K.L.:
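Pasting in a structure now, in structure tokens, and then I'll have a few things to ask.
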Amino acid sequence: MADLNVKINDLVLKNPVMTASGTFGYGIEFADLVPLDELGGIIVKGTTLHAREGNDYPRMAETASGMLNCVGLQNKGVDYFCDHIYPQIKDINTNMIVNVSGNDPESYAECAARIDALDSIPAIELNISCPNVKHGGMSFGVTCDGAASVVKAVRKAYHKTLIVKLSPNVTDITSIARTCEEEGADAVSLINTLMGMAVDIEKREPMLSIRTGGLSGPAVKPVALRMVYDVAHAVNIPVVGLGGISNTSDAIEFLMCGATAIEIGTSNFVDPTVTINVINGINEWLDSHGCKSINEIIGAIKD
Ligand SMILES: Cc1cc2nc3c(=O)[nH]c(=O)nc-3n(C[C@H](O)[C@H](O)[C@H](O)COP(=O)(O)O)c2cc1C
């Protein structure tokens, strides 16, 4: 068996496969189906300083090889997370990472500071890229100034591993990634969903309540892969790659394009055990290609 360990700053992952925020709950919902301690990490649902109702229904629509969603960061707020969810997840033997969102730099920082105090959460993923909320969310992730303002505020308040999740809805994702690195991000993850739309032609109405939503699933993979490749060649911090990964070869493509680790999102809805299959698949691939360590393939695609 090859060595699958990877490192993101101080964070050691037993393998590079994590679940993507918003697609795997808090992990515990899947405990009967998936051996959670075999995962490299679990990135839990988006958490905000105050509770959020999310958007009206309908907020999901199936598309060719993917889905659109406009859930809108529904969650019960960071106090609820600390008091009720954290006690249930703190002993899961994998990296439990909290995805943090906010309306302004201050609320991001306050939420991050609350999570900083939780011993069993070794990292946060800062979501500056949600396309489905009116205030905050993606607006910070689409300009260098916006990204800088949030990362700077959170970096002061948060002392463990800080991963910043980038939006693909930009012209040049590398400049945003570089800004995050300059402001102290320990890693970047990409991509969040791509803005899209679907129409119910009988009703002559958009399928989603807020008209647009975020596209995810296999349809976005080539776009995500290109962005991961570009960002991995533009920054010196680790890159976490995601977007449309549904099998072992998808995951290996991301690793070869420079991702140190990967996340799997929408594919969990199709097969909740996909992460375990991909971990086993990477192991078999490395063995059959004579590789002793995952590091032999990370970044194999050069300039
Ligand atoms: C239903 C749903 C909810 C999501 N919620 C969040 C969230 O709370 N925070 C976040 O950063 N990303 C969220 N995402 C985006 C995913 O984490 C991921 O970035 C995106 O779906 C692309 O990966 P995939 O194609 O593997 O799903 C959500 C995606 C879906 C489909």
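Read the numbers this way: they start at 1 and go in the same order the structure lists the ligands and their atoms. Note that the coordinates shown come from a computational prediction; the quantities given were computed from them, not determined experimentally. Sequential numbering from 1 along the given sequence is applied to the chain's residues.
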K.L.:
Roughly how far, to the nearest 0.5 Å, is the CE atom of Met207 from the CD atom of Glu62?
P.N.:
10.0 Å
K.L.:
When you look for heavy atoms under 4.0 Å from ligand 1, do you find them on the side chain of Met60, its backbone, both, or neither?
P.N.:
side chain
K.L.:
So is Ile43 in contact with ligand 1, going by heavy-atom distances below 4.0 Å?
P.N.:
no
K.L.:
Under the side-chain contact (heavy atoms from CB on, under 4.5 Å) test against Asn127, which residue among Asn192, Leu166, Val100 passes?
P.N.:
Asn192
K.L.:
When you compare ligand 1 with Phe269, is there at least one nitrogen or oxygen pair between them that comes in under 3.5 angstrom?
P.N.:
no
K.L.:
Minimum heavy-atom separation for Ala148 to Thr179, with atom names?
P.N.:
CB-CG2, 3.7 Å
K.L.:
Which heavy atom of the protein is the closest neighbour of atom 21 (O) of ligand 1, given with residue, atom name and distance?
P.N.:
Ser216 CB, 3.2 Å
K.L.:
Considering heavy atoms of the protein only, find what lies nearest to atom 20 (C) of ligand 1 and give residue, atom and distance to 0.1 Å.
P.N.:
Thr193 CG2, 3.8 Å
K.L.:
Does a sphere of radius 6.0 Å around NZ in Lys14 hold more than 12 heavy atoms from other residues, nucleotides or ligands, not counting ones at 6.0 Å or beyond?
P.N.:
yes
K.L.:
Which atoms of ligand 1 are found less than 4.0 Å from any heavy atom of Ala20?
P.N.:
17 (O)
K.L.:
Between Ile245 and ligand 1, does any nitrogen or oxygen pair lie at a separation below 3.5 Å?
P.N.:
no
K.L.:
Which heavy atom of the protein is the closest neighbour of atom 3 (C) of ligand 1, given with residue, atom name and distance?
P.N.:
Gly22 O, 3.4 Å
K.L.:
Between the side chains of Thr48 and Asn75, does any donor sit under 3.5 Å from an acceptor?
P.N.:
yes
K.L.:
Verify whether the ring centers belonging to Phe254 and Tyr229 lie closer than 6.0 Å.
P.N.:
no
K.L.:
Hey, can you pull the donor-acceptor pairs under 3.5 Å for the side chains in residues 293-303, sequence neighbours left out?
P.N.:
from: Ser293; atom 1: OG; to: Asn295; atom 2: N; distance (Å): 2.9
from: Ser293; atom 1: OG; to: Asn295; atom 2: ND2; distance (Å): 3.4
from: Glu296; atom 1: OE2; to: Lys292; atom 2: N; distance (Å): 2.8
from: Glu296; atom 1: OE2; to: Ser293; atom 2: N; distance (Å): 3.2
from: Lys302; atom 1: NZ; to: Gly299; atom 2: O; distance (Å): 3.1
from: Asp303; atom 1: OD1; to: His233; atom 2: NE2; distance (Å): 3.3

K.L.:
Can you tell me if Ser107 and Asn103 form a side-chain donor-acceptor pair at under 3.5 Å?
P.N.:
no
K.L.:
Considering only heavy atoms of Gly46, which atoms of ligand 1 have at least one such atom less than 4.0 Å away?
P.N.:
8 (O)
K.L.:
Quick one: look at Asn192 and ligand 1, take heavy-atom pairs under 4.0 Å, and tell me if it's side chain, backbone, both or neither.
P.N.:
both
K.L.:
If you measure from atom 17 (O) of ligand 1 to every heavy atom of Gly214, Ser21, Ser189, which option wins on shortest distance?
P.N.:
Ser21
K.L.:
Judged on heavy-atom distance to atom 19 (O) of ligand 1, which of Arg59, Lys165, Gln74, Glu125 sits nearest?
P.N.:
Lys165
K.L.:
Does any N or O of ligand 1 fall below 3.5 Å from an N or O anywhere on Glu263, backbone included?
P.N.:
no
K.L.:
What residue and heavy atom of the protein are closest to atom 22 (C) of ligand 1, and at what distance?
P.N.:
Ile191 O, 3.7 Å
K.L.:
Do the ring planes of Phe30 and Phe24 sit parallel (below 30°), tilted (30 to 60°) or perpendicular (above 60°)?
P.N.:
parallel
K.L.:
Going by atom types only, do Ser209 and Asp56 share a side-chain donor-acceptor pair under 3.5 Å?
P.N.:
no
K.L.:
So which heavy atom in the protein is nearest atom 11 (O) of ligand 1, and how far is it from that ligand atom?
P.N.:
Asn99 ND2, 2.9 Å
K.L.:
Indicate yes or no: does Lys160 engage Asp186 in a salt bridge with an N to O separation below 4.0 Å.
P.N.:
no
K.L.:
Please list, in number order, the atoms of ligand 1 under 4.0 Å from a heavy atom of Gly244.
P.N.:
24 (P), 25 (O), 26 (O)
K.L.:
Does one side chain, of Thr266 or Ser216, offer a donor that lies under 3.5 Å from an acceptor on the other?
P.N.:
yes
K.L.:
Please confirm whether Gly217 approaches ligand 1 to less than 4.0 Å, judged on its heavy atoms.
P.N.:
yes
K.L.:
When you look for heavy atoms under 4.0 Å from ligand 1, do you find them on the side chain of Asn69, its backbone, both, or neither?
P.N.:
side chain
K.L.:
Please write down residue, atom name and distance for the protein heavy atom closest to atom 18 (C) of ligand 1.
P.N.:
Leu242 CD1, 3.5 Å
K.L.:
Among all protein heavy atoms, pick out the one at the shortest distance from atom 26 (O) of ligand 1; state its residue, atom name and that distance to 0.1 Å.
P.N.:
Gly265 N, 3.0 Å
K.L.:
Can you list the steps and then say if Asp230 with Arg226 is a salt bridge (Lys or Arg N to Asp or Glu O under 4.0 Å)?
P.N.:
CA-CA 6 Å; Asp230 285 348; Arg226 186 266 295 176; 3.7 Å; yes
K.L.:
Using a 3.5 Å cut-off on N or O atoms only, is Lys45 in polar contact with ligand 1?
P.N.:
no
